[in-house]
Amino acid sequence: MALMWLVTRLPYALQMALGSALGSLTYRLAKSRRHVCEVNIRLCFPELSATEQQLLVKRTFKSYGQGMLETAMAWMRPNQWFAKRVDFSGLEHLAAAAERGQGVLLVGGILPFWIWPAPY
């Protein structure tokens, strides 16, 4: 936990470089996960050459490593740190739906509690 806390204090570009390296290491060590990814990429992108598919697999693992560090940031950074760096748009649509008593499905987004009161 202490290491995760320390890493999240590094500059973002350095965190992403470390995340990419972590993903590359995972690519080499997690053979069964790599095989699953290779099969999925081959089935989903048959139009790509074998070389292009392998490059996509490697990029997927690098992105995974970066995502792990971004998740660590979400756990280890205070909410106020994010509030200074994130811009939300479209909140009026959520307010209008709430006034109508309608539910809302947020896809690919989160609504931090400091912006919007929790519905529960």
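Computed from heavy atoms alone, side chains included, the values below leave out hydrogens, waters and symmetry copies. Quick caveat: nothing in here was measured; it's all calculated off a predicted structure.
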Which residue pairs pass the ring pair (Phe, Tyr, Trp, His ring centres under 6.0 Å) test when at least one of the two sits in residues 16-64, sequence neighbours left out? Tyr27-Phe61
Between Val57 and Val36, is there shared hydrophobic-cluster membership here, with clusters defined by ILVMFWY side-chain heavy atoms closer than 4.5 Å? no
Quick one, Cys37 and Ile41 - any side-chain contact, counting heavy atoms below 4.5 Å? yes
Are Val39 and Arg42 packed together at the side-chain level, in the sense that at least one heavy-atom pair is separated by less than 4.5 angstrom? yes
Between atom CE of Met16 and atom OG of Ser63, what is the distance when rounded to the nearest 0.5 Å? 9.5 Å
Contacts of type side chain to side chain contact (heavy atoms under 4.5 Å, CB included), residue Pro78, not counting sequence neighbours: Arg9, Gln80, Trp81
Kindly compute the distance separating CD (Glu70) from CZ (Arg77), expressed to the nearest 0.5 Å. 13.0 Å
Output all residues satisfying side chain to side chain contact (heavy atoms under 4.5 Å, CB included) with Ala74, sequence neighbours left out; order by chain, then residue number. none
In Å, rounded to the nearest 0.5 Å, how long is the span from CZ of Arg59 to CD of Glu52? 10.0 Å
Distance-minimising heavy-atom pair for Leu22 and Met68: CD2-CE, 3.8 Å
Between atom OG of Ser49 and atom CG of Leu55, what is the distance when rounded to the nearest 0.5 Å? 9.0 Å
Lys62 side chain reached by Ser24 side chain, heavy atoms, under 4.5 Å: yes
Nonpolar side-chain network containing Leu6, other nodes, edges under 4.5 Å: Met1, Met4, Trp5, Trp75, Met76
Cluster check Leu18, Leu25: I/L/V/M/F/W/Y, side chain < 4.5 angstrom: no
To the nearest 0.5 Å, how far apart are OG1 in Thr8 and CG in Leu10? 8.0 Å
Pairs where residues 11-40 contributes a residue and the test salt bridge (charged side-chain N to carboxylate O under 4.0 Å, His left out) is met, not counting sequence neighbours: Arg34-Glu38
For residues 96-104, dump all side-chain donor-acceptor pairs below 3.5 Å to protein atoms at least two apart in sequence or in another chain.
{"residue": "Arg100", "atom": "NE", "partner": "Gln102", "partner atom": "OE1", "Å": "2.7"}
{"residue": "Arg100", "atom": "NH2", "partner": "Gln102", "partner atom": "OE1", "Å": "2.8"}

